[in-house]
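Residue numbers begin at 1 in each chain, while the letters A, B, ... track the order of the sequences.
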Number of protein chains: 4
Amino acid sequence: MSLPDDTDELVSPATGRPLTKRGEATRRRLLEAAEGVFAEQGYHEASIVKITERAGIGLGTFYLYFDSKQSIFEALVIDLNRRVRHSMSEAMEGAGSRLEAERAGFAGFFRFTAEHPALYRVVREAEFVSPEVLRLHYTRIVEGYEAGLRAAQETGDVDRALDPETTAWALMGMGELIGMRFLLWERDASGTAPTELDPVIFAGMTRFIDNALAPRDTPKDDS
Amino acid sequence: MSLPDDTDELVSPATGRPLTKRGEATRRRLLEAAEGVFAEQGYHEASIVKITERAGIGLGTFYLYFDSKQSIFEALVIDLNRRVRHSMSEAMEGAGSRLEAERAGFAGFFRFTAEHPALYRVVREAEFVSPEVLRLHYTRIVEGYEAGLRAAQETGDVDRALDPETTAWALMGMGELIGMRFLLWERDASGTAPTELDPVIFAGMTRFIDNALAPRDTPKDDS
Amino acid sequence: MSLPDDTDELVSPATGRPLTKRGEATRRRLLEAAEGVFAEQGYHEASIVKITERAGIGLGTFYLYFDSKQSIFEALVIDLNRRVRHSMSEAMEGAGSRLEAERAGFAGFFRFTAEHPALYRVVREAEFVSPEVLRLHYTRIVEGYEAGLRAAQETGDVDRALDPETTAWALMGMGELIGMRFLLWERDASGTAPTELDPVIFAGMTRFIDNALAPRDTPKDDS
Amino acid sequence: MSLPDDTDELVSPATGRPLTKRGEATRRRLLEAAEGVFAEQGYHEASIVKITERAGIGLGTFYLYFDSKQSIFEALVIDLNRRVRHSMSEAMEGAGSRLEAERAGFAGFFRFTAEHPALYRVVREAEFVSPEVLRLHYTRIVEGYEAGLRAAQETGDVDRALDPETTAWALMGMGELIGMRFLLWERDASGTAPTELDPVIFAGMTRFIDNALAPRDTPKDDS
DNA sequence: AATGAATGAGTATTCATTCAT
DNA sequence: GATGAATGAATACTCATTCAT
């Protein structure tokens, strides 16, 4: 599998040469246009012309920067993934405790979701467009959760009876659906774009997570 | 919005007349074929010809039973939704306690997921095909969770500080991603189809849920 | 290699079913339209729309009868090849002597060439479109010549010192360039379409062939 | 018609100024690259980028030397034509008799063909690219044959009953197909490049030509 | 002179849907 | 009721050519 990697030096797929400053700018404009078009119309309704028109460049130019429609889709998922993880770790910096960090991380996630609805829409369509990149996306985020959970279990901040991997996926799923329901659907319903999760919902979610993770005095047996 | 409803009497979109016994059988064969084709190829790669071929009927006949490709897609989501909820309530019957019922419900959900991968794949693509039906699907399941949670809070089996709606969506998301990760991805990776969630994973998830829902002696304040 | 064969039963490439009477008619209209378009514009300038428009059918219908542009091209070459060979053997029937038959065959060839300029143009472009079918075309005609030459050598009507294979290819090349020069170029120059080779030219060519094939009293040594 | 002529002084189509020494070298490298690319891929598959890459120069530079893709194609045909004629007359020098000269000329033709497969491939595609240059190519070679034939008829070395023009085209066609069949196809089949015609084939061809051209004691009547 | 990034016209092919049989 | 031949709108991608540097 040779997925576009976010650490590779950027090169033109046509010539294989590294991108100039101006080239990088054009590439970024294409990605931004693609984020918008994919988010609004979905992968299949989106067309290269729509993307290039929104980016304000010629149709043919697209192919100087991306191999194909699928290729820009994958690049976009990887880009959004990098940015959401960045947003999350930024939010977690300076948190006092493990739990605070966890909450802050979620807040960062939701903030990014609110500002980049494409993250959801694009990812949920990715199953049939590029399964590899879909898995990469989820796995990278989940690995972050998992590492945090293991560390917190060591320090006793998190229930040692929890399976870190399962728990990480559970948290990921929770975040995804809560974001979808209370950010994106609200956006659609109200016509305005909420920039943050409703505090009541956020509090409810926090209570849920705190409960789930907190160490129990008498570990339950779940046989 | 005029979504196909699962309680309406079935009629031919062409003639408007109610379906005969034989007609209902043909319609069901179409739905089953569609479940397979959509699950394997996704909505956009699927074609009416592929569906009718798998159903063993003529191409033109399709339009005696469904208005359009989107229409059978919506009917399929609604059908799967009805069946997964049935599977869940069936599993919950005879459970001794609230918590047992909860676990049983999840087990039913996962069993259905394992047997009907279309449920995931179809639903996750539905965002751009038919947002209405997508929301209907999630909402119906979540409403079931929510009702259960409210009742359990009354009896004190579930932490009264949890917000039932938020919690219900959290559980839904959890189930979705755990099913995706540990049933569908395993299926793809191993080539064989697991019929049940790995017990370790299931236990981990149960612990997580039990933790999250159980009443706390000293209700936490999460302000 | 799986070239379309002129003896296969005709089937729809889409469904694999044999063609109905009406289907065969449509297929023939497509081939005739393709003959015209390819001859006038060449393979690359020709487009499927131009062909279907000339045939008076819908664009999509094309693909019920042919897999691709290349596929109708190959079918056309094979069809023309079959017909030119038919035209030649028909012309040779009833010839009194070997030499008369030979002359008559060439006359048939030129008559067909004059009426079907596509034969030249299409074949000469075939090198890069479908080398296989190009070779098939030449080989089939040449094999006919070669068989005739061998037989005539047995009866002593043709110089036994000639190599039948080489001679057959020489005759093929001769016919091709003479036809090109004195039928097709004249057609282009005069704007009218000659239906037969100028008698002077035909006579010159006959003399050339007669000389070349006639048995020599004292076989030359060409070392 | 303003075909590039092989006697014109070479000028840059961009500036109209005559080419410098260095310019002429670049132009020749382009022509050589074009010969290779056209021969391997055909006119339509060939692209300016491929040609300039093989020539090792920048894409834009191409247009300093040629007006268009068609223009370099025409220049190439004219160049190859000049060189094949040169190869033929060189081979004929020092031949003892008319017939020896004829044979030597053909040998020169085949040697060039074997070394420059582009000659065939390019010419046979030229019909729709540039009919003018195609005709020029054939006519120039044929005129050489024709002049030789007329002279040989005067001296009695060649049958006076033959029409020189027809005969010349017949010889041209012969040479073309024999070269195609026994040089180029062999090359493709064996993967190795024969540099000369198989002696058996060459002998067979010589016998054929000798027969065809030799004066007859009793001139045949071809009515 | 030399370059190569940018352009957009042009086209093969797919597939949901219709309708005559 | 059932069928499947016919339709044409819609779109990703290529490449000759231009022109600013």
What is the distance from CG of C:Leu64 to C1' of F:dA5, rounded to the nearest Å? 6 Å
Please step through side-chain contact (heavy atoms from CB on, under 4.5 Å) for the pair A:Leu30 and A:Ile57, ending with a clear verdict. CA-CA 9 Å; A:Leu30 276 169; A:Ile57 65 170; 3.5 Å; yes
Closest approach of C:Asp67 and C:Ser71, non-hydrogen atoms and distance? N-OG, 3.5 Å
With no hydrogens and no angle check, is any side-chain donor or acceptor of B:Arg27 less than 3.5 Å from a backbone partner on B:Tyr65? no
Aromatic D:Tyr43 / basic D:Lys69 pairing, under 6.0 angstrom, 45° off normal: yes
From CD of C:Gln41 across to P of E:dA12 the rounded distance in Å is 11 Å
First of C:Ile57 and B:Thr26 reached from the 5' end of DNA chain F, by closest nucleotide: B:Thr26
What one should report as the nearest heavy-atom pair of A:Ser68 and A:Tyr63 is CA-CE2, 4.3 Å
If you measure from the Lys or Arg side-chain nitrogens to the Asp or Glu carboxylate oxygens, is any gap between A:Asp79 and A:Arg28 under 4.0 Å? yes
Distance in angstrom units between B:Glu53 CD and F:dA2 P, rounded: 18 Å
Rounded to the nearest Å, what distance is computed from the OH atom of residue A:Tyr65 to the P atom of nucleotide E:dG4? 14 Å
Distance check needed: F:dA12 C1' versus A:Phe66 CZ, whole Å only. 16 Å
Please give, in whole Å, the distance from F:dT7 P to C:Ile51 CD1? 16 Å
In dot-bracket form, how is DNA chain F paired, counting a Watson-Crick or G-U wobble pair only if both its distances are under 3.5 Å and using | for bases paired to another strand? .||||||||||||||||||||
The single option from B:Lys50, B:Arg54, B:Arg121 passing salt bridge (charged side-chain N to carboxylate O under 4.0 Å, His left out) against B:Glu40: B:Arg54
Donor-acceptor check, side chain of C:Thr52 to backbone of C:Ile48, threshold 3.5 angstrom: yes or no? yes
In whole Å, I'd like the distance from the CZ atom of D:Arg29 to the P atom of E:dA1. 16 Å
Let me know the distance between CG of A:Leu30 and P of E:dA5, rounded to the nearest Å. 15 Å
With no hydrogens and no angle check, is any side-chain donor or acceptor of D:Arg124 less than 3.5 Å from a backbone partner on C:Arg124? no
Determine, for nucleotides 14-21 of chain E in 5'-to-3' order, which nucleotides have protein heavy atoms under 4.0 Å from the base (write B), from only the sugar-phosphate (write S), or from neither (write -). B-SBB---
